[in-house]
Amino acid sequence: MKNKQEGFVKEIPKKSENISEWYTSVILKGELADYSPVRGCMVIRPYGYAVWENIQDYLNRRFKETGHKNGYFPMFIPESFLKKEAEHVEGFAPQVALVTKGGGENLTEPLVVRPTSESIICSMYAKWIRSYRDLPVLINQWCSVVRWEKTTRLFLRSAEFLWQEGHTVHRTPEEAEEETEKMLEVYREFAEDFLALPVLTGKKTDGEKFAGADHTYTIEALMPDGQALQSGTSHNLGSHFAKAFDIKFLDKDNVEKYPYQTSWGVSTRIIGAIIMTHGDDRGLAFPPKVAPVQVVIVPIFYGQKEAVLEKAAEIKRVLSEKFRVELDDRDEYKPGWKFNEWEMKGVPLRLEIGPKDIEKNQVVASSRIEEGKIQIPVDNLSESVEKLLDDIQNKFYARAKTFFDSHIFEASSREEIKEHIKAGRKGFYKTAWCGSEECAEKTAEETSTTSRCIERRETAGGLCAGCGKAAYKYLYFGRAY
RNA sequence: CGGGACGUAGCGCAGCUUGGUAGCGCACAGCGUUCGGGACGCUGGGGCCGGAGGUUCAAAUCCUCUCGUCCCGACCA
């Protein structure tokens, strides 16, 4: 038998040799997305959109479990709205697209295409909220937003991207903080359990927080080239927006007060993280839970086309009750070709069925993450497949976690960070930190990194890697996408 | 936004230096034989050479501009 390694889909660069080219190539060849005629915008093709739909299904379930409802707010925002919160406009103004004409006439006030929806949502909340009895407000929306990015990359950074943004309003700061942390935890579980992506969780330094937030929590994934990828954020907005948009409520004590808000979001960027983390030289590789196709059945005819197809169709029918299944009955390709094709497309589990298998009442199974094939009986196939997929999901996570853990480097000084970088040790640099914003910024600047997140756990009393004063938290640095 | 590279058939490329009938491989269509890790034979279709100007009897080829993509850096989810 031919060595498995030789049979790769042609024309995919090696991931290990040039991850950027590999990344673009697997997305295009895997038919996840394509470039659009508009600079910086991407077209998400059905196979890629299926990934997003799976993400939506999972997150919608989790959001609803935690009491949220979906709504929808317009994509056009009066320019003046963005300007109401000082930090907010400063953060987003350089990136906005502006509509100045409509119906052939100049608009009296230009409209911003939303880069994020805090401002328009707050303007509505101001209308809806009167009493503490109206709180909390827990609304999420699925939409696209536009940020005029200078350089773009498929999924990771595009001028328009899809996301969800939750916007909540609370009576007390404690409640808002609880919500912010709760949603961060939802995101962490989403990344780790659903997408098999290990992440750091923690708080952003003030320099890195959301424009207009009191503070921001983040999940930070690590890409195979050692670069960090901010993959989801949960912001505690305090009362900044409430004050800017005049959202007030009458509390139990008959005193008018400003409420406390949060917002949190995950975008299609995270699909980029899935691709980079799990893919390999053979192409895409999806963890079963998020895979557009979980099981592909490849029939092997050997002169018994009808009998084999009939059995394969029956197996598909049974498995389709629980799984996303594809039966590749195309005549024009040989099995070997199909194997490579579906591996390139990242399907986690393949079942082969031929005349010999029918005789033995079995199928041959092959996992995307391990070499070798196993035979499994057709009886109770659904249960066997479920176990296999669970096992594959765990192996995806374990593999990613091993990489992740081995790329967190401790550094007790700026020099040590530089030494790590110089020695080619790319990843997260874990430092003890005094808590000073200035100190963090200086470390970032000197080492050409950015601060990624502050671990919530306290240090055991070390010294700050920046200034040498007493440290109280751990701060991670890294290079980011 | 800087620095580099590249736009020729759906994809990957050659042709450009030295201007003169637009090519190769894969893919695609038809027929037949094949099918447990990318099968083969025969026949066939497909291009304003990214776009706009210019030079020339003549431009894929030379010149100018422009648009787009990729890679490497600075900013962002």
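The chains referred to below are lettered A, B, ... by the order of the sequence lines, with proteins before strands, and numbering in each begins at 1.
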- prompt: Does A:Glu343 get its side chain close enough to the base of B:G37, under 3.5 Å, for a donor-acceptor pair?
  reply: yes

- Query: Does any N or O donor sit under 3.5 Å from an N or O acceptor when you compare the side chain of A:Arg350 with the base of B:G37?
  - Reply: yes

Worksheet item: How is A:Glu352 classified with respect to the nucleic acid when contacts are heavy atoms under 4.0 Å: base, sugar-phosphate, or nothing?
Response: base

*asked:* Taking donor-acceptor contacts at under 3.5 Å, does the side chain of A:Lys373 reach the base of B:G37?
replied: yes

- Message: With a 3.5 Å cut-off and heavy atoms only, can you find an N or O donor on one side and an acceptor on the other between the side chain of A:Arg147 and the base of B:C76?
- Response: no

In A:His240, A:His215, A:His235, the residue satisfying ring-ring contact (aromatic ring centres under 6.0 Å, His included) with A:Phe210 is A:His235

For A:Phe409 and A:His407, take the angle between the two ring planes, folded into 0 to 90°, and tell me which bin it lands in: parallel under 30, tilted 30 to 60, perpendicular over 60.
perpendicular

Side-chain contact check for A:Val364: nearest option of B:A74, B:C75, B:G36 is B:G36

Parallel, tilted or perpendicular, as decided by the 30° and 60° cut-offs, for the rings of A:Phe190 and A:Phe194 | parallel

Taken to the nearest whole Å, CZ/A:Arg368 to P/B:G37 is 18 Å

From the candidates B:A77, B:C70, B:G36, the one with an atom nearest any side-chain atom of A:Thr24 is B:C70

A:Leu28 CG to B:U69 P, in whole Å, measures 12 Å

Using Watson-Crick geometry (N1-N3 plus N6-O4 or O6-N4) or G-U wobble (N1-O2, O6-N3), each under 3.5 Å, B:G32 is paired with B:C40

- Task: Answer with yes or no whether the side chains of A:Arg62 and A:Tyr58 bring together a donor and an acceptor at under 3.5 Å.
- Result: yes

